[in-house]
Amino acid sequence: MATETIQLVLPNGATRDVPAGTPARDVVASIGPGLLKAAIAVAVDGEVQDLATPLRKSGAFVVLKESDPRSLAVLRHSGAHILATAVRRLRPEANIGFGPSIDDGFYYDFEVDKPFTPEDLEAFEAEMVKVAAEKYPFERAEVSKAEGEKLFVDDPLKLERLAELGDDEVISTYTDGPFVDLCRGPHVPDTSYLRHFKLLSTAGAYWRGDERRQMLQRIYATAFWKKDDLDAHLHRLSEARRRDHRVLGKQLDLFHFFPVAPGAAFWTERGTHLWNALEGFVRERQQDAFSEIRTPLLYNKTLWEQSGHWGKYRENMFLVLDKESGEHDMSLKPMNCPSHHLYFAAHKHSYRELPVRYVTFDPLHRNELSGALSGLTRVRQFSQDDCHVYLREDQIAGEVQFLMDFILSYYETFGLVAKLKFATRPPERIGSDDLWDRAESSLRAALDQTGREYELKEGDGAFYGPKIDFDVLDSIGRAWQIGTIQLDYNAPERFDLEYTGEDNAAHRPVVIHRAVSGSFERFIAILIEHFAGAFPVWLSPEQVRVLPIADDFAPQAREVTAKLRAVGIRAHLDSRNETLNYRIREAETMKTPYMAVIGKREAEAGTLAVRERGQGKKQDVISVDAFIARVLEETRTRVLPTPGASDA
RNA sequence: GCUGACGUAGCUCAAUUGGCAGAGCACCUGAUUUGUAAUCAGGAGGUUGCGAGUUCGAUUCUCGCCGUCAGCUCCA
């Protein structure tokens with residue numbers, strides 16, 4: 001058999017012609033022995049493979065060192081194998097599933113009779129250190145299907161995977177010491193590359209992600225090249241725990257849950273102030289170009305049949321028994337779209353008035369799986385700043401631009417930075433391919449016109465249309481999907497929506513679904529964690545706490561409090577029989593932005609000794625009027641907290 | 001819904017092998033009148049999530065239910 005020659009183009013433009021099937025390691029070695037030492041893997045035309053894998057294609061050849069972010073995924077995948085190696089040593093009966101690298105680390109799934117305990121995890125981690133020290137090379141072998149079946153005869157999960165592979169596919173196995181895995185790779189050269197890692201948690205996970213299949217035990221872990229990076233990552237995790245909105249929500253007395261209403265929050269007085277400030281901000285932003293309406297919460301199923309939700313979504317809806325029909329044919333609305341469509345269709349619309357934008361803050365109910373509920377981020381009752389835009393097809397680009405500017409400047413107010421994603425038609429959807437073609441191309445064109453970067457998510461769209469999603473990064477770099485712009489050609493058909501055109505004929509409008517905060521509940525959760533509870537003045541449940549030093553100054557303090565409240569400042573008087581230190585401490589603990597202290601000096605001069613949250617003893621003695629002006633101005637301009645205020 | 005862990009006073013947590021359920025903070029009362037992150041003393045507060053079972057005896061062991069958490073699935 002004549003060996004084919006392939007050509008590799010190095011980054012400096014030089015080329016290497018080698019026989020197809022040459023292991024990458026040989027090519028790297030030919031470039032330089034030092035490079036071979038530093039090499040983790042290589043990329044051929046961007047496709048990462050390891051040093052043991054034969055080269056089969058020509059293309060741009062890049063050697064990946066630790067410094068290349070792609071090499072980290074290779075390390076982590078090898079980490080998964082090392083984990084499996086350790087688990088198999090201590091629990092030989094464990095069947096192995098999959099062990100990929102993921103965003104922040106890696107995991108491996110095992111099928112075992114008895115689930116792992118935290119003690120098991122410690123033992124596995126210690127064993128992994130040994131496996132790493134034993135420095136087993138990751139040996140790659142390519143096998144036939146029959147050989148593979150023999151090799152994994154005791155691993156039913158691997159056999160299942162093997163059976164799915166096509167006859168012409170390269171089937172490879174990787175062996176590190178005692179452990180063999182069916183695996184495409186790539187891997188680091190040997191187990192000693194894994195040095196800074198940590199097993200994090202264990203949880204159940206369905207085999208192949210299918211809830212009808214058996215539950216496996218998944219071990220989550222992470223690994224880094226450098227100890228500093230691992231420490232930083234672990235620190236980030238503990239920081240996230242410190243900022244957990246569920247913890248802060250309790251500490252700051254913002255909301256709570258009762259077992260009798262799972263997934264539906266009770267908002268305290270303080271939490272309600274926060275909510276109202278946020279909702280007021282959205283209202284203010286939308287007062288010109290949007291029309292706020294209120295619609296019913298409960299609807300007959302015929303509406304959901306018309307919208308298409310009855311078929312696909314019924315399981316997630318709270319159905320209500322209708323006394324007269326004796327059927328559960330009423331439902332709490334899980335979204336506002338159909339009510340807006342209904343409302344639009346109730347009137348004649350001219351092409352001149354488009355786009356019209358309806359917004360509604362009504363509470364929505366979705367019957368989420370009990371196991372999916374989590375704090376304010378996954379609830380059963382929530383409110384969206386939900387908007388539906390009805391417009392002509394020729395207005396799409398302009399509208400998308402308008403909405404994007406709206407959304408992005410909204411996030412800016414909170415110091416949040418958004419990443420954009422463009423999601424196309426999902427496998428399960430309604431509407432013809434023709435409609436989808438038009439929807440996707442017009443939304444994409446509008447998105448391209450804005451010149452912003454975005455990530456393409458194929459198949460991730462809503463069932464009625466493609467969408468642009470906005471992922472917001474919080475202050476410790478976690479991404480949350482909240483805002484969305486969804487283009488919908490289907491609803492106008494289903495609801496027979498029309499406007500009268502210039503030609504006096506009826507035309508079909510297009511619908512855009514838009515949310516900015518996602519849901520207020522989730523957005524508030526993000527804000528709590530983003531600010532670590534130290535909200536900007538305009539959002540703070542309590543903006544000022546007025547503290548008389550002793551009883552003698554309580555009358556003046558009461559007067560000042562009344563004056564502050566009269567101009568709409570959320571101020572509270574704390575004249576309790578406690579030391580000033582005690583009351584200051586409590587105000588700080590509650591992350592109150594301002595403490596206004598009144599003693600003899602201030603009472604006589606008509607001033608306040610103003611203490612700012614997180615700024616310690618530093619005080620600012622100013623007149624009451626000047627203080628009021630300052631708080632009002634900061635509220636009006638929505639000043640963000642000074643950095644460090646949330647570190648307290 | 002599934003797998004696992006957990007559920008003790010308003011909150012955060014204790015309570016050997018099954019043997020009278022404790023602390024700090026918060027709360028109430030009194031003293032103290034406080035100058036920028038916890039004044040002192042006293043008091044009250046729990047059918048140990050709910051319901052069964054085993055046992056002379058259950059916070060502790062078993063089962064069921066409810067809820068919470070880590071994930072899976074799903075998703076605003």
Side-chain angles (χ1 to χ4, degrees), chain A residues 107 109 111-112 114-118 200-220 244 246-247 250-251 253 256-263 313 315-316 334-336 364 366-386 460 462 469-470 480-484 486 513 515-523 525-526 547-554 575-590 595-602 609-621 648:
Chain A
Y107 66 77
D109 286 342
E111 188 177 29
V112 282
K114 271 179 64 183
F116 301 131
T117 63
L200 297 172
S201 62
T202 158
Y206 297 110
W207 169 232
R208 319 292 308 255
D210 185 339
E211 59 184 326
R212 288 162 306 197
R213 304 295 301 270
Q214 70 268 44
M215 183 67 78
L216 307 181
Q217 291 298 314
R218 174 170 300 177
I219 296 176
Y220 282 96
D244 190 321
R246 292 166 301 192
V247 175
K250 210 175 269 181
Q251 267 169 27
D253 188 30
H256 45 244
F257 290 90
F258 289 102
V260 288
Y313 207 81
E315 293 166 3
N316 282 320
M335 66 272 298
N336 289 306
L364 305 174
R366 296 185 188 176
N367 199 354
E368 303 293 347
L369 295 176
S370 56
L373 301 178
S374 175
L376 289 177
T377 51
R378 279 309 289 284
V379 287
R380 286 192 175 140
Q381 181 195 309
F382 60 96
S383 304
Q384 288 183 295
D385 48 0
D386 205 2
D460 213 24
D469 279 335
F470 295 77
W480 302 81
Q481 199 255 296
I482 50 176
T484 187
Q486 307 178 354
H513 306 247
V516 187
S517 305
S519 77
F520 282 107
E521 281 80 356
R522 174 176 289 185
F523 194 68
I526 292 164
L547 306 169
I549 283 178
D551 283 350
D552 290 351
F553 316 109
S575 58
R576 287 175 304 171
N577 179 15
E578 298 287 352
T579 60
L580 182 64
N581 273 339
Y582 177 91
R583 288 174 290 151
I584 294 234
R585 177 184 154 79
E586 194 172 281
E588 287 279 1
T589 309
M590 295 305 275
M595 286 145 271
V597 178
I598 302 182
K600 187 153 181 281
R601 299 195 291 270
E602 291 77 18
V610 175
R611 175 180 166 128
E612 210 176 320
R613 170 183 60 200
Q615 302 299 307
K617 282 188 205 288
K618 198 180 86 181
Q619 49 177 298
D620 198 4
V621 181

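Naming: A, B, ... by sequence-line order, numbering from 1 per chain.
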Protein-nucleotide distance (A:I549, atom CD1; B:G35, atom P), rounded to Å
7 Å
What does the list of N/O pairs under 3.5 Å between the protein and nucleotides 39-46 of chain B look like, with a distance for each?
unit_1 : atom_1 : unit_2 : atom_2 : d
B:U39  : OP1    : A:T579 : OG1    : 3.4
B:U39  : OP2    : A:T579 : OG1    : 2.9

Using the test salt bridge (Lys or Arg N to Asp or Glu O under 4.0 Å), find all partners of A:K250 that sit at least two apart in sequence or belong to another chain.
none
Need one value for A:A515: base, sugar-phosphate or nothing, where a base atom within 4.0 Å counts as base even if backbone is also close, heavy atoms only.
nothing
Of all residues at least two apart in sequence or in a different chain, which pass the side-chain contact (heavy atoms from CB on, under 4.5 Å) check with A:V379?
A:F257, A:F382, A:E521
For A:R522, report the nucleic acid contact type (base, sugar-phosphate, nothing); a contact means any heavy atom under 4.0 Å.
base
Which protein N or O atoms sit under 3.5 Å from an N or O of nucleotides 63-65 of chain B?
none

Within 45° of the axis and under 6.0 Å from the centre of the six-membered ring of A:Y206, does NZ or CZ of A:R213 qualify?
no
If you only use heavy atoms from C-beta on, which nucleotide in B:C2, B:C72, B:A76 is closest to the side chain of A:Q481?
B:A76
With a 4.0 Å cutoff (strictly under), does any side-chain N or O of A:R611 reach OP1 or OP2 of B:G35?
no
Less than 3.5 Å apart, any donor N or O on the side chain of A:E111 or A:Q214 sitting next to an acceptor on the other?
yes
Using Watson-Crick pairs (N1 to N3, plus N6-O4 or O6-N4) and G-U wobble pairs, both distances under 3.5 Å, which stems of at least 3 pairs involve RNA chain B?
B:1-7 with B:66-72, B:10-13 with B:22-25, B:27-31 with B:39-43, B:49-53 with B:61-65
Under 3.5 Å, N/O pairs linking protein and nucleotides 6-14 of chain B:
unit_1 : atom_1 : unit_2 : atom_2 : d
B:U12  : OP1    : A:K250 : NZ     : 3.3

Interface polar pairs with nucleotides 66-69 of chain B, N/O, under 3.5 angstrom:
unit_1 : atom_1 : unit_2 : atom_2 : d
B:C69  : OP1    : A:R246 : NH1    : 3.4
B:C69  : OP1    : A:G375 : N      : 3.2
B:C69  : OP2    : A:L373 : O      : 3.3
B:C69  : O3'    : A:R246 : NH1    : 3.3

Qualifying salt bridge (charged side-chain N to carboxylate O under 4.0 Å, His left out) pairs with a residue from residues 368-379 of chain A, counting only residues at least two apart or across chains:
A:E368-A:R378
Mind checking what makes side-chain contact (heavy atoms from CB on, under 4.5 Å) contact with A:M590, not counting sequence neighbours?
A:D253, A:R270, A:R545, A:T592
B:G35 base to A:E602 side chain: any donor-acceptor pair below 3.5 Å?
yes
Reckon A:R213 touches a base, only the sugar-phosphate, or nothing at all at heavy-atom distances under 4.0 Å?
nothing
With A:F116 via ring-ring contact (aromatic ring centres under 6.0 Å, His included) - residues at least two apart:
A:F110, A:F124
Sequence neighbours excluded, which residues qualify as side-chain contact (heavy atoms from CB on, under 4.5 Å) partners of A:I549?
A:F553, A:L580, A:V597
A:D469 meets the side-chain contact (heavy atoms from CB on, under 4.5 Å) criterion, sequence neighbours left out, with A:K421, A:K467, A:Q481, A:T484
Return the nearest nucleotide to the side chain of A:V597; candidates are B:G1, B:A76, B:U36.
B:U36
